[in-house]
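So the structure is just underneath, and the comments pick up after that.
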Amino acid sequence: MSSLRLEKTYDPKAVEARWSRTWIERGYFRASTTHPGQPYSIVIPPPNVTGSLHVGHALNHSLQDILIRWRRMQGRNTLWLPGTDHAGIATQNVVEKQLLNEGISREALGRERFVERVWQWKATSGNTIIEQQKQLGESCDWDRLRFTMDEGLSRAVLEVFVRLYEDGLIYRGERLINWCPRCLTALSDIEVEHEEVKGKLFHIRYPLAGDPNVSLVVATTRPETMLGDTAVAVHPDDPRYRHLIGRNIRLPLTGRDIPIVGDAILVDLEFGTGAVKITPAHDFNDYEAGERHQLPRLPIFDHQALLDPASLTAASVDKDIIADVAGLPVAKARPKIEHALKERGLLVKAEDHKMALGKCYRCKTVVEPYLSPQWFVDIKPLAEPAIRAVEDGRIRIIPEGWINNYLGWMRDIKDWCISRQIWWGHQIPAWYCERCNEPFIHRQTSTNASGAVITRVTLLQGAKPVVARRAPAVCPQCGGQQWLRDPDVLDTWFSSGLWPFSTLGWPEHTPELKTYYPTSTLVTGLDILFFWVARMIMFGLRFMPDVPFRDVYIHALVRDAEGQKMSKSKGNVIDPLHVMDQFGTDALRFTLASMASPGRDLKLAEERIEGYRNFANKIWNAARFSLMYLEGPRTSTPLPERSFVDRWIVSRLNSTVRTVTAELEAYRFDRAANVLYHFIWHEYCDWYLELIKPALQNPAHPDGPATRQTLIESLETTMRLLHPFMPFITEEIWQTIPHDGDSIVIQRYPVADRALDAPDAEQRFALLEQAVSLVRTGRVLLNYPPGQQIAFGVAHDDPEKLRQLQQLDSHLAHLSRGAPHIGMQHAWPTAQRLRLVAEGLTIGLIVTGEVDLKKALDRLAKQREEQDKDIARLSGKLDNKEFVAKAPAEVLAEHKDRLRGVQHDQAMLASSEQQLRALLGA
RNA sequence: GGGCGGAUAGCUCAGUUGGAAGAGCGCUGCCCUUACAAGGCAGAGGUCACAGGUUCGAUCCCUGUUCCGCCUACCA
């Protein structure tokens, strides 16, 4: 026997564990290319293989699971393809840290053993997030789990790289790139996070060569880079300086002479001093200016962003300065340089200045523009089709607001630096003949702190690679057979950019690709729109060649209750697993869905989840109720012959089906969830289950059999409707109530049907609800004691409505406890009033609906006149919607503006009592 | 600097072709009523950021202002 029949509260844990296991065992999530339905496919944004589920995943995955479960129930051929990402730098950093804790550096370990070590770490921790995803109920086809460094996916990477190279879209070149001095690797532009910081703008005097009395004052935020200056720029139209163009500056601290050039692009007349130092090897703008003026590049920092003594010497820097700053990192070199300038009286001033600082998105270290040979993708030819695909609507971005964001970025896109100087990832398929390239192969040997000898291989600009799917055997140039493979690996986003087709078997022509590509919907956070989504579109269009997905649904970021980004360091992280443990997985899923409004970050507080835990419990108890009263005959009475209450709930459910489906189609998970919540709690539970109690509890009630049928049908349909949102509890209930089939997972999703709409029943219900609500309000406002029975009269001006209300008398009485005598009060003869009083009942009057209050009042007044001259004076007609009576005065005073159509007949009661006493001769 | 979004109840937010202000949570009062106290019923609470404009009518459309986010960017 299910606990559903026994337990008053829903205990999710056992239920969830059982069903998540069973669903997978029974293969409900397995996709088949031969399934007859129209394909609907989603590839999951692959989480880091060694990560664990955070609340952002929970949101992202819940939404996808809702879509997939919904489409599966609609009979579509669904595939939700799961997988994980090797997450190059991030994972490498984690393992490096582990090694450091053991006192080992990765260099000491060596590349091969280090990579082995990462694989080990993946093996031990890689299943964590997958298991957690299963716990969340994700209906992925787990048999198709992919990893970006799987053999198949790696082959796709290789293929794409080689083809792009052959097409001239991948090249190697020495450029200024963003370099993380901690990760010791190049980064792409978007891997740099900009942060506004307070810095200083230094004004430094640069004397003219051969004329020390004349000088230019340059402004810079980075004085330490001046050792690498190769020119000073002024604006060609600047009357202050234009006559100096062509003359030389004697660069302080170095004694080098560098030219003054005119550059209208670099120099802003309004800013700083109007003179700009040019350091082509350490600044992106200066790099470009250097190209314009054919200036030499003088790198002065090494790969760790330390001032490099060798470079400094080559740049002929003052020996004292070299001694002072050589080997220092940027942050420490800056004050030393500042000091040296000050000593020489060359520092004019240093003013506060806010500036944007670039940081590594993985380790938050300040990045350094660094001149080095790297691999790039010539991106424009890939971006153009990707722009068109969105412009012409082959790819829809939802919400639409992000389209311009995407287009803007794509139109302004710069070549993509794809090489990373790390070890974990897809090694670039480029080989160098050692003999031919001897001058370009630079081996640096050093001994590290632990005494290990470390060799660092750098392939200098000029090296000629052979790019191929496998290592070449013999060099076509020199016949040599010694090959050195390019040590770099690819940007981790290179492989994830192939995800929609590499996971389906590309470059083979598989049935999976044919069936499931293009995928239907991509569900993702805004943070990886450029990293991932844009790259998938570019690669998909080039290699498939078709869009990788039809719809891109972009959801918001999950923040904490204060709107702060969740982070471990802030300690404001909501751990989804903890929440699932505490409140149940369905509650978490439903919370996230209900908060997924477009365009806004969602602030998550545990109280919300608790609220939906209560919702789950409400559903549980509604199901218990249904089972409790299901004993007894059930008949499938034709709908038109069922009671108006039954027809009402069927109609409301039908309307809910219609709305939920429409909202899901529009990716409005929030609205779909809210509509479901409202229907189940406030219509099904609050009204329907209450209304049918008399029919269920009285064995002789004529509506009993049909109502039992309606009860169970509507519950069963509701469970199917809710299933994509709350898979566990719906399955558990569905299994326990009468049903056909093995699992709710593979049942048909409810479809709205006009024939089920019952506007007349809805109208009648509205009348009833209004009357009940008025009776209840009256009770409370008039302070009737709980046990006190009350007779209420109901007046209505529309004779048809009045007739309907009379028919609803029993419902009204039932729903307003203790008010058994509901009738048309104004029509009650005195004798009946007296009888009611004799029974110890209080008499009240309710006026509902579009009643003509004036008439009602007149009628009441006339009636009372006949009965008793002392009857309370009635007044207080406020407008056409409200009127209030006098007594009891204190209540009325308090609620005067609120009291809607409630009349307390206190005075009448008093008068009736007198009459009664008179009659009885007391 | 550019772009985008937001400002509605104490809190979190709905409110899409402009037509009498909504939900959840919280709060107050009453109620342990045979599905559910993780509950029921009732209730309080809002010049819809500010200033103009269009309109018979504006939370909604237009303009400007203030504040808050996010994205993006080479002001040295």
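In the text below, chain A, chain B and the rest are named by the order of the sequence lines, each starting its count at 1.
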- Under 4.0 Å between any heavy atoms, over every strand shown, what does Val218(A) touch: base, sugar-phosphate, or nothing? Just pick one. nothing
- Message: Just to be sure I understand the rule, does His203(A) reach a base, reach only the sugar-phosphate, or reach nothing, if contact means heavy atoms closer than 4.0 Å?
- Response: nothing
- Length of the line joining His194(A):NE2 and rC75(B):C1', which is rounded to integer Å: 14 Å
- Between CD of Glu196(A) and C1' of rC71(B) the distance, given in whole Å, is 14 Å
- Task: Answer with base, sugar-phosphate or nothing: what part of the nucleic acid does Leu627(A) contact at a heavy-atom distance below 4.0 Å?
- Result: nothing
- Task: Show the numbers, then the answer: is there a salt bridge (charged side-chain N to carboxylate O under 4.0 Å, His left out) between Glu391(A) and Arg411(A)?
- Result: CA-CA 12 Å; Glu391(A) 279 176 339; Arg411(A) 285 174 183 144; 2.4 Å; yes
- Message: Heavy atoms only, 4.0 Å cut-off, all strands: where does Gly358(A) land among base, sugar-phosphate and nothing?
- Response: nothing
- Item | Phosphate OP1/OP2 of rG40(B): any Lys618(A) side-chain N/O under 4.0 Å | yes
- Could you please spell out the steps behind the salt bridge (charged side-chain N to carboxylate O under 4.0 Å, His left out) verdict for Asp189(A) and Lys414(A)? CA-CA 8 Å; Asp189(A) 295 339; Lys414(A) 303 212 173 75; 5.5 Å; no
- Query: Could you give the CD1-to-C1' distance, from Ile619(A) to rC36(B), as a whole number of Å?
  - Reply: 12 Å
- What is the nucleic acid contact for Arg624(A), judged by heavy atoms within less than 4.0 Å: base, sugar-phosphate only, or nothing? sugar-phosphate
- Message: Of the listed nucleotides (rC74(B), rA73(B), rA76(B)), which one gets closest to any side-chain atom of Leu201(A)?
- Response: rA76(B)
- Member of Phe590(A), Phe725(A), Trp681(A) meeting the ring-ring contact (aromatic ring centres under 6.0 Å, His included) criterion with Tyr612(A): Phe590(A)
- Proximity to the side chain of Arg668(A) - top-ranked nucleotide from rG15(B), rC71(B), rA76(B): rG15(B)
- Message: Counting the atoms with a prime plus P, OP1 and OP2 as sugar-phosphate, which does Tyr629(A) contact under 4.0 Å by heavy atoms, base, sugar-phosphate, or nothing?
- Response: sugar-phosphate
- Task: Could you state the atom-to-atom distance from CE of Met595(A) to C1' of rC11(B) in whole Å?
- Result: 11 Å
- Which part of the nucleic acid, if any, lies within reach of Leu529(A) when heavy atoms closer than 4.0 Å are counted: base, sugar-phosphate only, or nothing? nothing
- Task: In whole angstrom, give the distance that lies between atom CZ of Phe669(A) and atom C1' of rA14(B).
- Result: 17 Å
- Query: Does the ring center of His235(A) lie less than 6.0 Å from the ring center of Phe271(A)?
  - Reply: no
- Using a cut-off of 4.0 Å on non-hydrogen atoms, how would the nucleic acid contact of Asn617(A) be classed: base, sugar-phosphate, or nothing? base
- Ignoring hydrogens and angles, does a donor from either the side chain of Lys8(A) or the base of rC36(B) sit under 3.5 Å from an acceptor on the other? no
- Query: NA contact type, Asp686(A), heavy-atom cut-off 4.0 Å: base, sugar-phosphate, or nothing?
  - Reply: sugar-phosphate
- side-chain contact (heavy atoms from CB on, under 4.5 Å) against Ala275(A), all qualifying residues, sequence neighbours excluded: Leu216(A), Val218(A), Val232(A), Val234(A), Thr273(A)
Contact list (N/O, under 3.5 angstrom) for nucleotides 21-26 of chain B vs protein:
| unit_1 | atom_1 | unit_2 | atom_2 | d |
| --- | --- | --- | --- | --- |
| rG24(B) | OP1 | His682(A) | NE2 | 3.2 |

- Note on the structure: Quick note, Asn285(A) side chain, CB onward, closest among rC74(B), rA76(B), rG40(B) is rC74(B)
- Query: What stems involve RNA chain B, if each pair must be Watson-Crick or G-U and both of its distances must be under 3.5 Å, with 3 or more such pairs in a row?
  - Reply: B:1-7 with B:66-72, B:10-13 with B:22-25, B:27-31 with B:39-43, B:49-53 with B:61-65
